[in-house]
Amino acid sequence: MARQVARPNNVRGKAVLPVYDVIVVGARCAGSPAAMLLARSGLRVLLLDRVDFPRDTLSSHLLQPRGVAALADWGLLEGLLGTGCPPITQWTADLAPDVVPTHVGSTEITLSPRRTVLDELLVRAAVEAGAEFRARAAFLTPLWDHGRVNGVRYASGGREYTEHARLVVGADGTNSTVARTVGARFYQDLGVITCTLYGYYSGPPDRGARLFVRETTFATAVPTHGGQHCITLSLPHRRFGEIRSDADRHFTSTIAELAPELSDEIATGRRLGPLRGCPGVPNRYRESAGPGWALIGDAGLTTDPLTGLGMSDAFAQAASLAGRVHAAWDDGPDAVDTAVADHAEDRDTACADSFTTNATLARSGYSSPLLDAFRKVQHDPEAGSRLNSMLTGRVSLAEFMTWCLLTGLRHDTDRLSAMPAWC
């Protein structure tokens, strides 16, 4: 991968040169877009990551339409499609045995790129924008000056280095070292709700994205690179200890119960590599702004992977932060701090409904009230699109339920008014 990589030029104890405008720690779905957009705005950006790319990571790797739209805005969508990532325009949901499966076609596309492909593309875009990327650079601690972060210390190749900047952005994931070392606090912590098993399979035909639900057990089948499907199983977190002892058996038997047709498709093909498992991620916000520092992506807000909103949220946060920082840059450090704080407040507002919806679905699944409401509207032509809008974070669970109830009442009224008087 072509990239602009320089040797660290300020070994500890030597002169501090050059001074970057922004240092971004973490080069995946939040960090690389932020570095790219900040560099495009003319700022001097250093991007660090403890690994080199391409490198896989645990991920639902589902990119909802608004995330796809961000790639298009940044001029990166054609490049991703050119890697053979299949566009998804069909979506099916099987919610219960007595509910007709919902089929939705869309002019918008969803993508499910392997992270080995997407993350490398994003790093390359940041470098092409002018950011300097240093791989195998493990962040150690922030540097402070009179209560304000003004740089980082990191380790690479068995040595420690320092770099200075006006702003340090932590995009280093759920277990963010940046967040921990600046003392960022958690709030609205709903804990861990689900656990996940997933694997890559040849065999299933490309029928778009498919969702299978039975109460609080979920399975998805989504086409990805190389003609493969990512098959994911999500269950209540309390079951992780049980299923990890024999993950293959639990995965196979649960898919067979939940989605017999998908189970047959898997049986005709083969799994490529082992199953991967995650005991779950916390659903919580973290304080994401302070003097000289900011957090984006999973470092500041983590949500259950059930509806695959994480990467699209990370893109949105990167764009919000970069835009606000660029607008405030010439007005000095205090203005940048205010801009970063405004970004964090906007994030909380923008994500409030999807955060609550996602956590509720993860905890309660398609519970009786939700299914009862959907049963009344399942034959309405608009029902599938409304359900899809909820699952992709465009409307809240409350808005969806309200629509179901009002539409169901309207249908009941229509049926009553059509009855003969003698009934």
Side-chain angles (χ1 to χ4, degrees), residues 1-40 43-59 115-145 148-184 290 292-300 314 318 321-322 325:
M1 175 174 63
R3 57 176 177 260
Q4 176 187 336
V5 181
R7 287 184 175 275
N9 50 32
N10 56 333
V11 178
R12 189 168 54 177
K14 295 187 178 180
V16 179
L17 289 172
V19 175
Y20 293 93
D21 294 318
V22 183
I23 297 174
V24 181
V25 179
R28 292 195 184 267
C29 284
S32 283
M36 174 191 72
L37 294 170
L38 289 164
R40 285 181 179 179
L43 299 182
R44 293 171 296 173
V45 181
L46 175 62
L47 178 63
L48 305 175
D49 202 285
R50 61 186 179 83
V51 303
D52 204 351
F53 296 93
R55 179 73 172 262
D56 208 357
T57 186
L58 287 171
S59 174
R115 293 296 296 270
T116 49
V117 178
L118 176 64
D119 292 351
E120 185 178 24
L121 179 145
L122 294 173
V123 171
R124 183 183 296 116
V127 171
E128 290 174 352
E132 182 180 325
F133 174 52
R134 296 183 190 166
R136 297 181 294 277
F139 171 84
L140 297 175
T141 185
L143 304 177
W144 296 87
D145 182 27
R148 178 183 182 83
V149 172
N150 75 336
V152 302
R153 177 172 291 116
Y154 69 94
S156 181
R159 304 178 69 179
E160 292 187 9
Y161 304 91
T162 62
E163 293 288 3
H164 289 75
R166 183 187 294 181
L167 178 66
V168 172
V169 178
D172 50 338
T174 301
N175 299 312
S176 170
T177 305
V178 175
R180 177 176 54 80
T181 52
V182 298
W293 61 269
L295 303 177
I296 55 175
D298 286 345
L321 179 75
V325 167

Quick check: closest heavy atoms across [X] and [Y], and the distance to 0.1 Å?
X	Y	answer
Phe133	Asp49	CE1-CB, 4.0 Å
Ala39	Val45	N-CG2, 3.8 Å
Ala137	Leu48	CB-CD2, 4.1 Å
Pro54	Thr116	CB-O, 3.4 Å

Roughly how far, to the nearest 0.5 Å, is the [atom2] atom of [Y] from the [atom1] atom of [X]?
X	Y	atom1	atom2	answer
Leu46	Leu38	CG	CG	12.0 Å
Arg50	Thr177	CZ	OG1	8.5 Å
Thr174	Leu58	OG1	CG	10.0 Å

Task: Contacts of Asp56 that satisfy salt bridge (charged side-chain N to carboxylate O under 4.0 Å, His left out) - sequence neighbours left out - done: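 Arg114, Arg276.
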Task: Test side-chain contact (heavy atoms from CB on, under 4.5 Å) applied to Val325 and Leu43, step by step - done: CA-CA 10 Å; Val325 167; Leu43 299 182; 4.2 Å; yes
TODO: Please list all pairs passing the salt bridge (charged side-chain N to carboxylate O under 4.0 Å, His left out) test where one or both residues lie in residues 20-40, with sequence neighbours left out.
DONE: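 The answer is Asp21-Arg44, Arg28-Asp119.
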TODO: May I have all residue pairs that pass salt bridge (charged side-chain N to carboxylate O under 4.0 Å, His left out) and include part of residues 168-177, sequence neighbours excluded?
DONE: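 Salt bridge (charged side-chain N to carboxylate O under 4.0 Å, His left out) check on residues 168-177 returns no pairs.
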Are side-chain heavy atoms of [X] and [Y] found at a separation under 4.5 Å?
X	Y	value
Trp144	Val149	yes
Leu122	Cys29	yes
Glu163	Arg134	yes

Open item on the list: With a 6.0 Å cut-off on the ring centroids, do Phe139 and Tyr154 count as close?
Closed with: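 They do not qualify: ring centres at least 6.0 Å apart.
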